Every structure is written in structure tokens, then in C-alpha cells.
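Following: one structure in C-alpha cells, then a few remarks.
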Amino acid sequence: MSPIILLSIIIIYFALLLWVAYKTGKGSDNESFFIGNRKSNWMLVAFGMIGTSLSGVTFVSVPGSVGNDKFSYLQITLGYLIGYIVVAYVLLPLYYRLKLTSIYGYLQQRMGQLSYKSGAWIFIVSRLVGATARLYLVVNILQISILDSLDVPFIVTTLIILGMIILYTYEGGVKTIVWTDTLQTSCMLLGLIICTVYMLNHLGLNVGESFTAMNEKGYTKIFDFDPNQKSFFIKQILAGAFITITMTGIDQEMMQKSLSVTRLKDSQKNMVTLGFILLGVISLFLYMGGLLHLYGVQENVSSAGDQLFPDIALNHMPPFISIIFIIALISALFPSADGAMTALTSSLCIDIFGMREKTHWDDGKKEKFRKNVHLLVALSFLVMVIIFKVINDNSMIGLILKLAGFTYGPLLGLFAFGIFTKYKVKDKLVPFVCIAAPVISFFIDKYQEKIFGEFKIGLELLIINGLLTFIGLWLIRRKVI
């Protein structure tokens with residue numbers, strides 16, 4: 001299909017986003033930007049958070065990973081569901097009781113100022129890395145499939161997409177994102193379903209026959225019962241649960257949307273509903289991944305991993321499917337990037353720069369400061385995307401989950417210590433603990449064969465990192481409250 005036509009579709013889609021942003025962003029202020037004035041509808045939040053949780057990485061990487069990893073990603077997804085239940089009934093009541101705008105305010109109340117700042121900085125680094133890795137994947141696909149043929153440089157593509165995101169999040173923030181994410185999640189899921197139905201028809205299979213064909217190729221294997229392997233089911237389920245607790249429950253971006261819901265009970269419904277929906281949606285992604293590999297064999301497609309779905313959709317399917325794929329792909333791109341930019345802006349303004357404590361600033365000055373920070377965040381996104389372009393990893397979902405093990409571990413340890421113990425800590429030593437734990441985790445991961453022999457550490461590195469942080473905080477504890 002003509003790159004000009006595909007580019008025109010992206011422009012039309014973005015124009016629709018701008019219209020939604022204009023309609024929903026009227027009369028917005030800083031409270032609208034940060035937490036949507038706590039008036040968001042829980043059903044819209046739950047549905048829109050599907051897009052944020054999945055992102056373009058899931059849309060491309062999960063189906064592409066089926067060739068190597070089979071359906072084993074479902075093990076992690078079962079853990080996700082457990083994690084969402086923990087977030088709903090352990091963390092959300094805490095956040096609502098304390099009426100937090102930034103969830104890291106809990107660390108300030110519980111442990112002290114440096115603990116609070118440490119938690120905020122860990123989130124900023126973690127979310128910046130994760131969000132830009134997701135952004136890079138989709139930008140790179142758009143670059144290869146459309147913009148290279150128009151001689152548009154990669155950096156220009158990235159700048160234009162970031163400019164688009166800034167335009168529709170600049171005023172409304174969370175108040176706008178709740179609605180735009182709903183639109184984008186709808187487009188992404190519709191694209192997923194249409195591509196799946198088309199492939200079934202093209203292959204001449206019904207659902208039952210397709211499962212039989214996948215099973216013959218070994219794609220449908222879910223559980224690994226070898227405890228020495230990284231994909232051992234208990235390791236994967238535990239890792240999935242803790243990934244959700246950290247990347248959702250103690251992540252400002254995800255909690256910012258949940259805290260925009262008026263009542264705690266509705267926010268809990270949002271979280272549990274999200275867990276069950278994601279289980280179904282990721283199952284559908286894996287199923288589509290199996291179909292893609294069957295389709296690829298039939299069409300003699302040589303691509304693999306993250307490149308498989310884009311190659312098949314754009315080069316081996318009819319033009320209308322190519323259009324649907326592009327719309328679904330950019331629908332997966334924006335929810336993970338726009339929410340991250342908004343959450344990072346919120347955390348920098350509130351947690352790092354203490355904007356709310358600057359009582360001598362009027363509302364106009366605060367709003368101007370917040371917008372300048374938003375632009376600074378966008379610039380940092382640009383730098384990180386270029387770095388990922390240099391790294392150019394073939395499977396971004398594996399890379400993101402691996403990085404999460406290092407960056408989110410200290411947050412897990414901080415919140416666990418605060419919730420499950422009654423001790424204070426020597427606040428000035430907390431930053432050193434938060435640096436030491438990931439460093440030790442890195443060496444444990446690097447030399448795991450020498451330390452553990454045949455036993456292999458995978459995504460549960462996040463748990464080890466969190467435990468090391470917990471132990472470090474225990475060693476610098478002071479007295480019972």
C-alpha cells in the first residue's frame with residue numbers, strides 16, 4: 001500500500017484525537033491535569049487502562065514471541081490477575097485514605113523526605129525507560145514501513161509523534177487521557193479482532209482447527225514444569241504478580257488514573273475488571289500470534305519476532321487490513337506514551353519540585369511551570385528513543401520486563417517495608433539502599449550460573465531486587481512507631 005495513503009490515515013486519526021482532547025480539555029486546571037478532578041468514570045478508566053497496560057509492545061511483541069516462547073506468556077498473565085487483586089484491596093485503600101495525588105507522598109509520611117524523593121526518582125527513571133522503549137518500537141515500525149520510503153529521518157518521525165502527544169495532553173492531562181485512551185483501546189482491540197478473523201478465513205480454518213494446527217507446531221504449550229528453567233510456571237506467575245504490583249500498584253502513571261475515580265469501591269472495581277479483561281485480551285494476542293506463524297509459513301514469510309506482524313500485515317495482506325493494522329498500532333502507541341508523559345510531569349512537579357508547597361505562586365505561574373516541565377519530559381523521551389534506536393533489541397517485551405526487574409525493585413522494597421513493618425528508617429541512608437539493591441541484583445543476574453548452577457533466574461529478579469531493598473531498609477531501621 002502507498003506510504004502516502006498510510007500517512008494520511010495517521011494524520012486523520014490524530015485529528016480525531018485532537019478533537020476529543022479539545023472537547024474534554026475545556027476548563028482544565030492543574031487538578032484536571034493531575035487527577036482529573038477525581039470525577040472520572042471507573043468503567044472508562046478500566047477500559048482505557050487496557051491500552052496503557054498493553055501498548056504497542058504487546059501488540060507486536062507478544063504475537064511475535066509465540067514462535068520461540070509458545071503460549072508461555074500466559075503464565076505471567078495469570079500472575080498479573082493476582083497482582084491486580086492485591087493492588088485493589090491492599091494499595092488502593094491506603095492511597096484513598098491518605099487522599100494522595102502522588103502515591104509517593106505515602107513514603108514521605110511513613111519514612112521521611114529522602115525516602116519520598118527516592119521513590120519518586122525511581123518511578124521517574126523506571127517509567128521513562130519503560131515508556132520510551134514502548135514508544136521506540138512503534139515509531140521504528142512506522143519508520144520502516146512508511147517513512148523510510150518518503151526519506152523522512154527517524155529523528156523527525158519521533159519529533160512529530162512526540163509533538164502530537166504534547167498537543168492533545170498539554171491542557172487536559174488525565175481529564176483528557178481517560179477519554180482518548182478509551183477511543184484508542186477500542187481501535188486497538190477492533191484491529192486485533194479483524195486481523196484474527198481475516199487470517200482464519202485466509203487459512204481456511206475454524207477456531208478448533210486452528211488450535212489443532214497450532215498444537216501440531218507446539219505453539220499452544222503454556223506451562224513449563226522444569227524448576228531450573230526461567231519459564232518455570234511458579235517463577236512466571238510470581239513474577240507476573242509482582243510486575244503488576246510494581247508497574248501498576250506503585251506506579252504513578254497507572255495509579256494517577258485510578259485515583260481520578262471518585263469512590264474507592266469504584267476504583268477497586270476498575271482494577272479487578274482490568275485484570276480479568278487483560279487475561280482475555282492477552283490470550284487473544286497469543287492466539288493471533290499462533291495464527292501469524294501459521295500464516296507466515298503458508299506465505300513463506302522470513303520475518304520473526306517483533307517484525308513478523310508488521311511484515312505480514314503490510315506486505316502479505318490486502319490493503320484494507322494494512323490500514324486496520326496501522327490504526328491499531330498507533331492506537332496501541334499513544335495510550336502508553338501519553339499517560340507516561342502526564343504521570344512524569346505530575347511526579348516532577350509535585351514530588352521533585354514541590355510545586356504544591358510553593359504557596360507564593362499563583363495558579364497561572366503554577367500552570368506555566370507545569371507546561372514547561374511537560375515539554376522537558378517530551379525532550380527526555382526524544383533522547384531515550386534515540387538511545388533505544390542504537391540498542392535496537394529484537395524483542396522489546398523481553399527487554400522491558402528485564403529492565404523493570406532492575407528499576408522497579410527498590411520501589412517494591414520501599415512500599416513493602418512501609419506497609420508490612422512498623423519501623424522508621426534512617427532516612428538519609430535510604431537513597432544508598434535504593435542504589436545498592438539494583439547493583440547487587442545486576443551482579444546476581446550476570447553471574448547466576450556460578451552462584452546457582454543449573455537454576456536460572458528470569459523475571460523473578462524483580463522480587464530478589466525488592467527483597468534486597470527490604471533487607472537494606474531493615475538494616476537501617478530505627479525504632480517502632
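Values in this document were obtained by computation on a predicted structure and should not be read as measured data.
Using modelled atom types, one finds a donor on one side chain and an acceptor on the other under 3.5 Å when comparing H202 with E299.
With hydrogens and angles disregarded, a donor-acceptor distance shorter than 3.5 Å links the side chain of S65 to the backbone of V62. Panel note: side chain K117, backbone D351; a donor-acceptor pair is recorded below 3.5 Å. A donor-acceptor pair is defined here as one N or O able to donate and one able to accept, closer than 3.5 Å; no such pair exists between the side chain of T273 and the backbone of N270. In this structure, T158 contributes its side chain and L382 its backbone to no donor-acceptor pair below 3.5 Å. Side-chain N or O atoms of D69 include none that pairs as donor or acceptor with a backbone N or O of S72 at under 3.5 Å. Counting only distance, with no hydrogens or angles, the side chain of Y80 and the backbone of I237 share no donor-acceptor pair below 3.5 Å. For Q143 (side chain) and V152 (main-chain N/O), a donor-acceptor pair under 3.5 Å exists by modelled atom type.
Dense packing is recorded around CD1 of I386, with more than 12 heavy atoms of other residues, nucleotides or ligands lying under 6.0 Å away.
Residues L200 and S210 come closest through the heavy atom pair CD2-CB, 3.8 Å. The two atoms that bring M255 and L92 nearest to each other are SD-CD2, 3.8 Å, heavy atoms only. Here the shortest heavy-atom pairing between T469 and A437 reads OG1-CB, 3.2 Å. I321 approaches C195 most closely through the heavy-atom pair CG2-SG, 4.2 Å. Across every non-hydrogen atom of P310 and F325, the tightest pair is CA-CZ, 3.6 Å. Between C434 and P438, the closest heavy-atom pair is O-CD, 3.0 Å.
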For this session: For side-chain contact (heavy atoms from CB on, under 4.5 Å), just list the numbers for I444 and L468, CA-CA rounded to whole Å, side-chain angles, deciding distance to a tenth of an Å, and then say yes or no.
Result: CA-CA 11 Å; I444 289 174; L468 288 171; 4.2 Å; yes
Exercise. Which is it for I161 and L142 under the side-chain contact (heavy atoms from CB on, under 4.5 Å) test, yes or no, and what are the steps along the way?
Worked result: CA-CA 10 Å; I161 289 176; L142 294 174; 3.9 Å; yes
For this session: Evaluate the criterion side-chain contact (heavy atoms from CB on, under 4.5 Å) for residue pair I234 and Q75; output intermediate values, then yes/no.
Result: CA-CA 8 Å; I234 292 178; Q75 296 177 128; over 6 Å; no
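Checking L411, I352, I122 one by one against Y104, the side-chain contact (heavy atoms from CB on, under 4.5 Å) holds for a single residue, L411. Among the candidates L192, L74, V66, the single residue satisfying the side-chain contact (heavy atoms from CB on, under 4.5 Å) test with F285 is L192.
With rounding to the nearest 0.5 Å, the separation of CG in L412 from CG in L467 is 9.0 Å. For the atom pair S303 OG and L292 CG, the distance stands at 11.0 Å (nearest 0.5 Å). Rounding to the nearest 0.5 Å places OH of Y198 at 9.0 Å from CG of L203. Remark: L348 CG to F123 CZ distance equals 9.0 Å, nearest 0.5 Å. Distance CD1/I160 to CG/L147: 7.5 Å, rounded to 0.5 Å. Rounding to the nearest 0.5 Å places CG of L128 at 10.5 Å from CE of M341.
Under the 4.5 Å side-chain criterion, counting only non-hydrogen atoms from C-beta, T244 is not in contact with I82. In this structure, the side chains of L286 and K70 stay at 4.5 Å or more apart for every pair of heavy atoms. H316 is listed as a side-chain neighbour of V301, based on a closest heavy-atom distance under 4.5 Å. Residues Y73 and I76 are in side-chain contact: their nearest non-hydrogen atoms beyond the backbone lie under 4.5 Å apart. With contacts defined as side-chain heavy-atom distances shorter than 4.5 Å, the pair F154/D148 does not qualify. Taking 4.5 Å as the limit, some side-chain heavy atom of F353 sits within range of a side-chain heavy atom of F369. Contact of the K235 side chain with the D224 side chain is not registered, since no non-hydrogen atoms from C-beta on lie closer than 4.5 Å. Side-chain contact between P63 and L308 is absent, with no heavy-atom pair separated by less than 4.5 Å.
A perpendicular orientation is assigned to the rings of F415 and Y95, their planes being inclined by more than 60° (bins at 30° and 60°).
Within the structure, no pair that satisfies the side-chain hydrogen bond (donor to acceptor under 3.5 Å, both in side chains) test touches residues 288-297, not counting sequence neighbours.
Looking at residues two or more places apart in sequence or on another chain, you find a side-chain contact (heavy atoms from CB on, under 4.5 Å) between A88 and Q268, M271, V272. Evaluation of the salt bridge (charged side-chain N to carboxylate O under 4.0 Å, His left out) rule for D251 yields R127 as partners, not counting sequence neighbours. By the side-chain contact (heavy atoms from CB on, under 4.5 Å) test, F211 pairs with F71, V207, T220, Y287, sequence neighbours left out. Taking the salt bridge (charged side-chain N to carboxylate O under 4.0 Å, His left out) definition, one finds that D311 meets it with nothing, sequence neighbours left out. Under the side chain to side chain donor-acceptor pair (under 3.5 Å) criterion, S149 pairs with no residue at all, not counting sequence neighbours.
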